[in-house]
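One structure below.
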Amino acid sequence: MRAPTVIIKFCAVLLALIALVTGGCSGTSSATVDDKSLVLVAGATGGTGRALVRNLQAQGYAIRAFVRDEAKVRVVLGDDIAYATGDVRDIATLHPAMQDVTYVISAIGSSRSDPSNNPEAVDFGGVKNLANAAADAGVRQFVLVSSTGVTDEDHFLNKQFDNILNWKFKGEQALRASGVPYTVVRPGGLINTPANEFSVVFSQGDTLAGRISREDIALICIAALQAPDALNKTFETSNSDEPGENDWASLFAELEAD
Ligand SMILES: NC(=O)c1ccc[n+]([C@@H]2O[C@H](COP(=O)([O-])OP(=O)(O)OC[C@H]3O[C@@H](n4cnc5c(N)ncnc54)[C@H](OP(=O)(O)O)[C@@H]3O)[C@@H](O)[C@H]2O)c1
């Protein structure tokens, strides 16, 4: 396994400095609003991860992508991205990646094509490693992309793929036990459609079905970073079939804490 490397490019440092200066001059009384501190995106080269990186960049956040494959990061995320290489199964690679990180968003997921990168190792073990490393580093908030259906032990996906949802649920529990403030976002089936095409539904109790755009999931995860009402909450989400604006603050405020 490759030794961990943290490569911070000049432009990313510049972005962080600009974010610091503009945040400092905003005159807001809230510590979280306009806070563009460093976000570690785990699974940044995946489908949801790419949407996260793009939208975080658009919103002016400082970003560090956590990636397995240095060549892939260039192809997928371009040249102007700060990144750390490692593997969530290897906690030693996570500690350097967490240096100076304020927020973590995880969109990692196991691979059907690689038996060693299975749900137990990644969706449980990897999330647990990430959460514990984040807690050790004093991370302010950890947003986890999980899934609907994780509390249904008999869900057909458990039979199709190595108990994936059961392991995802254990990953959620490991995050809650880590002590780091968190938000667990449980999407329905992920689709590659534009953001804000349809309004979004939030639900609790793990009864929601449906599908949701990866772009909308990215926006929800990023909005959670700015919302005290999203802290220590778990919810399911899917697209409705109605067009409409999403008021993230109101949606978070209606949720019950865990
Ligand atoms: N697909 C669905 O319909 C659906 C529905 C609900 C929830 N979800 C969940 O939503 C999340 C995002 O899904 P997605 O389809 O956007 O993800 P994805 O495209 O499969 O991307 C997964 C990411 O995890 C990374 N990864 C895998 N193993 C890793 C390891 N050992 N160490 C570090 N990184 C690792 C991958 O790295 P590489 O790029 O190097 O491969 C990739 O960037 C996942 O947790 C998924 O299970 C998916």
Hey, does Gln57 have a side-chain heavy atom less than 4.5 Å from the side chain of Ile81? yes
Report the distance from atom OG1 of Thr207 to atom CG of Asp152, rounding to the nearest 0.5 Å. 11.5 Å
Check the orientation of Phe252 and Phe202. Use parallel for under 30°, tilted for 30 to 60°, and perpendicular for over 60°. tilted
CD1 of Ile91 to CE of Met98, rounded to nearest 0.5 Å, is 8.5 Å
Taking the side chain as everything from C-beta on, heavy atoms only, tell me whether Ser240 gets closer than 4.5 Å to Val200. no
Any donor and acceptor pair, going by atom type alone, linking the side chain of Lys233 with main-chain N or O of Leu255 inside 3.5 Å? yes
CG/Asp100 to CG/Leu40 distance, rounded to the nearest 0.5 angstrom? 11.5 Å
Does the side-chain contact (heavy atoms from CB on, under 4.5 Å) test come out yes or no for Glu215 and Arg54, once each step is laid out? CA-CA 9 Å; Glu215 296 289 332; Arg54 202 179 330 101; 2.8 Å; yes
Asn55 side-chain N/O to Leu219 backbone N/O, donor-acceptor pair under 3.5 Å: no
Basic-acidic side-chain contact under 4.0 Å: Arg186, Glu172: yes
Please check if the side chain of Arg64 supplies one atom and the backbone of Ala97 the other of a donor-acceptor pair under 3.5 Å. yes
Spatial distance of atom CG (Asp241) from atom CD (Glu197) [nearest 0.5 Å]: 12.0 Å
What is the distance from atom CG of Leu231 to atom OH of Tyr182, rounded to the nearest 0.5 Å? 9.5 Å
Would you give the length of the straight line joining atom CG of Asn129 to atom CG of Asp90, rounded to the nearest 0.5 angstrom? 8.0 Å
Would Leu56 and Tyr83 show up in the same hydrophobic cluster when neighbours are defined by side-chain heavy atoms closer than 4.5 Å? yes
Reference residue Val185; test side chain to side chain contact (heavy atoms under 4.5 Å, CB included); the match among Ile105, Leu144, Thr48, Val143: Val143
Between Leu94 and Ala133 the two heavy atoms that sit nearest each other are CB-CB, 3.9 Å
In terms of heavy-atom contacts, Asp229 and Ala253 come closest through OD2-CB, 3.4 Å
Evaluate the criterion side-chain contact (heavy atoms from CB on, under 4.5 Å) for residue pair Ser147 and Glu236; output intermediate values, then yes/no. CA-CA 8 Å; Ser147 177; Glu236 297 79 49; over 6 Å; no
Does Asn118 use its side chain to pair, donor to acceptor, with the backbone of Ser111 at less than 3.5 Å? no
Side chain of Ser238, backbone of Gly188: donor and acceptor closer than 3.5 Å? no
Asp35 side chain to Tyr103 side chain, donor-acceptor N/O pair below 3.5 angstrom: yes
When you measure from the side chain of Gln204 to the backbone N and O of Thr234, does any donor-acceptor pair fall under 3.5 Å? yes
Hydrophobic cluster (4.5 angstrom, side-chain heavy atoms) - remaining members for Val150: Phe156, Leu157, Phe161, Ile164, Leu165, Phe169
Determine the minimum heavy-atom distance between Phe142 and Ala134, stating which atoms define it. CD1-CB, 3.9 Å
Without hydrogens or angle criteria, can the side chains of Asp247 and Ser250 be said to hold a donor-acceptor pair below 3.5 Å? yes
Test your reading of the model: is there a side-chain donor-acceptor pair from Thr45 to the backbone of Lys72, 3.5 Å cut-off? no
Thr237 and its side chain to side chain contact (heavy atoms under 4.5 Å, CB included) partner, picked from Ile217, Val201, Thr148: Ile217
If hydrophobic clusters are built from ILVMFWY residues whose side chains come within less than 4.5 Å, do Ile212 and Phe198 share one? no
Under 4.5 Å between side-chain heavy atoms, hopping through other hydrophobics if needed: is there a path connecting Val127 to Val122? yes
Please check this pair: side chain of Arg214 against backbone of Pro194, looking for a donor-acceptor N/O pair closer than 3.5 Å. no
Are any side-chain N or O atoms of Lys36 and backbone N or O atoms of Ala62, one a donor and one an acceptor, separated by less than 3.5 Å? no
Modelled atom types, side-chain donor and acceptor of Ser110 and Asp123, under 3.5 Å: yes
Nearest heavy-atom approach of Val53 to Ile63 is O-CD1, 3.6 Å
Testing the basics here: between Lys168 and Ile108, what is the closest heavy-atom pair and its distance to 0.1 Å? NZ-O, 4.3 Å
Sidechain N-carboxylate O distance under 4.0 Å for Asp258, Arg176: yes
Check the pair Thr183 / Gln141 against side chain to side chain donor-acceptor pair (under 3.5 Å), numbers first and verdict last. CA-CA 8 Å; Thr183 306; Gln141 188 181 1; 2.9 Å; yes
Less than 4.5 Å apart, side chain to side chain, heavy atoms only: is that true for Leu208 and Phe235? no
Asp162/Arg112 ion pair, N-O < 4.0 Å: no
Is there a donor-acceptor contact under 3.5 Å from the side chain of Asn239 to the main chain of Ser213? yes
So for atom CD, which belongs to Glu153, do other residues, nucleotides or ligands contribute more than 12 heavy atoms lying within a distance under 6.0 Å? no
In terms of heavy-atom contacts, does CD of Glu245 have more than 12 from other residues, nucleotides or ligands at under 6.0 Å? no
In terms of heavy-atom contacts, Ala131 and Val180 come closest through O-CG1, 4.3 Å
With side chains defined as the heavy atoms from C-beta onward, is the minimum distance between Val139 and Thr102 less than 4.5 Å? no
Honestly curious: do Trp248 and Val145 fall in one hydrophobic cluster under the side-chain, below-4.5 Å linking rule? yes
